[in-house]
Amino acid sequence: MDWEAFAERMATMARDLLAQRSVDATLERITESAVEIVEGCDAAGILMLHGSRVETLAPTEGLVIRSDRLQERLGEGPCFDVAARVNDERVFRIKDFGRPPEQWQGYVSQAREFGIGSMMGFLLYTERENLGALNLYSRRPAAFGKASETAGWLLASHAAVAFSSARTADQLQKALQTRHTIGEAMGILMERLRVSEDDAFAMMRRVSQERNVKLRDIARQICESGGLEG
């Protein structure tokens, strides 16, 4: 492993991640970087768990999606376990899919049919957040050595920070957009109905509760239609 070249590519990746304009673009750059930087990696993706439901983010190939769906169907697998923090593991490696480990025999025996030879996975986490697992796949058995594992872990550490930052920025932007929409809707009601600011907001909140519709969606309807329908 040429660690000097690796460091240069990691530095470039870190700058690229900060330059991305959306969460999706950030995640796609993370998985693309895994294929580019980690020796032996042919495909990559990020798995997130929502209860027992699996969500696949930024897969570089279809086999990533098939692998995640199989784990969801079986309710087991390395990526599944890492994302769920089973046994508090943060890294896993399946060296050879031709020699399935005892822990995930059901998954490995079926995933072999997708052309997977070996794989690694890393928990994406920060001090406050568990962000799923970054999973790396190779079509060759024993493709990932100790150097690959170290490189993958360093990449995952950078990726977790970038993912968390992008998601926070996205949430803030949506919150600002929601605040603007609610303010605009209140202004429409105040003008049309000749009511105060407090009364306009109270009216929107009451309609939101009665219709079981989020306040931001009520505000959007008012902005689009010019008033409260019904």
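Because the structure is predicted, anything quoted here is derived from the model rather than measured.
Contact annotation: the side chain of Met186 approaches that of Met204 to within less than 4.5 Å [non-hydrogen atoms, C-beta and beyond]. Met120 has its side chain out of reach of Pro78: every pair of non-hydrogen atoms, C-beta onward, lies at least 4.5 Å apart. Within the 4.5 Å cutoff, no side-chain heavy atoms of Val64 are placed close to those of Asn135. Leu136 places none of its side-chain heavy atoms less than 4.5 Å from the side chain of Met119. The closest side-chain heavy-atom distance from Phe97 to Ser109 is not below 4.5 Å. Side-chain atoms of Phe144 and Lys95, non-hydrogen and from C-beta on, never get closer than 4.5 Å to each other. A heavy-atom distance below 4.5 Å is found between the side chains of Leu70 and Arg73. Between Leu57 and Met48, some side-chain heavy-atom pair lies under the 4.5 Å cut-off.
Of the inter-residue distances, the one linking Arg29 atom CZ with Ser33 atom OG reads 3.5 Å to the nearest 0.5 angstrom. Note that CD1 of Ile46 is 10.0 Å distant from CD of Glu28, once rounded to the nearest 0.5 Å. Residue Thr181 holds its OG1 atom at 13.0 Å from CD1 of Ile218, rounded to the nearest 0.5 Å. The distance from the CZ atom of Arg140 to the CD1 atom of Ile116 is 14.5 Å, given to the nearest 0.5 Å. Residue Glu8 holds its CD atom at 11.5 Å from CD1 of Ile37, rounded to the nearest 0.5 Å. Between Leu124 atom CG and Arg90 atom CZ the span is 12.0 Å, to the nearest 0.5 Å.
In this structure, Thr60 and Glu32 approach most closely via the heavy-atom pair CG2-N, 4.2 Å. The heavy-atom pair separating Cys41 from Ala34 by the smallest distance is CB-O, 3.7 Å. Contact between Val195 and Leu189 at its shortest, heavy atoms only, is CG2-O, 3.8 Å.
Of the listed residues (Asp68, Ile65, Leu47), just one forms a side-chain contact (heavy atoms from CB on, under 4.5 Å) with Pro59, and that residue is Ile65. In summary, of the residues considered (Arg220, Gln221, Lys214), a side-chain hydrogen bond (donor to acceptor under 3.5 Å, both in side chains) with Asp217 occurs for Arg220 alone.
The environment of CD in Glu149 is crowded: more than 12 heavy-atom neighbours from other residues, nucleotides or ligands sit within 6.0 Å. Within 6.0 Å of the CZ atom in Arg53, the count of heavy atoms belonging to other residues, nucleotides or ligands exceeds 12. Residue Glu4 places its CD atom among 12 or fewer non-hydrogen atoms of other residues, nucleotides or ligands, all under 6.0 Å distant. Residue Glu191 places its CD atom among 12 or fewer non-hydrogen atoms of other residues, nucleotides or ligands, all under 6.0 Å distant. With a 6.0 Å radius and a threshold of 12 heavy atoms from other residues, nucleotides or ligands, Glu197 has its CD atom at or below the threshold.
A donor-acceptor pair is defined here as one N or O able to donate and one able to accept, closer than 3.5 Å; such a pair exists between the side chain of Asp42 and the backbone of Arg139. Without hydrogens or angle criteria, Glu55 side chain to His50 main chain gives no donor-acceptor distance under 3.5 Å. Under a 3.5 Å cut-off, the side chain of Ser148 and the backbone N or O of Glu39 do form a donor-acceptor pair. With Thr26 contributing its side chain and Phe163 its backbone, the two residues share no donor-acceptor pair below 3.5 Å. Checked by atom type and distance alone, the side chain of Arg192 pairs as donor or acceptor with a backbone atom of Gly226 at under 3.5 Å.
The hydrophobic cluster containing Leu134 does not contain Val35, counting ILVMFWY residues as joined when their side-chain heavy atoms lie under 4.5 angstrom apart, directly or transitively. Note: the hydrophobic cluster containing Leu63 also contains Leu74 (ILVMFWY, side chain heavy atoms under 4.5 Å, direct or indirect links). Hydrophobic clustering (side-chain heavy atoms under 4.5 Å, transitive across Ile, Leu, Val, Met, Phe, Trp, Tyr) groups Ile94 together with Val91.
Judged by distance alone, the side chains of Ser118 and Tyr137 never bring a donor and an acceptor atom under 3.5 Å apart.
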Donor-acceptor contacts, no H, no angles, side chain residues 152-161, under 3.5 Å, sequence neighbours left out:
from	atom 1	to	atom 2	distance (Å)
Ser157	OG	Trp153	O	3.0
His158	ND1	Leu154	O	3.1

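Using a 4.0 Å cut-off between charged side-chain N and carboxylate O, Glu72 and Arg69 make no salt bridge. Electrostatic pairing of Glu61 and Arg66 does not count as a salt bridge here, judged by no charged N lying under 4.0 Å from a carboxylate O.
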Practice item. Tell me, with the steps shown, if Glu184 and His180 meet side chain to side chain contact (heavy atoms under 4.5 Å, CB included). Key: CA-CA 6 Å; Glu184 185 177 347; His180 175 77; 3.7 Å; yes
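For Phe6, the ring-ring contact (aromatic ring centres under 6.0 Å, His included) partners two or more places apart in sequence, or in a different chain, are Trp3.
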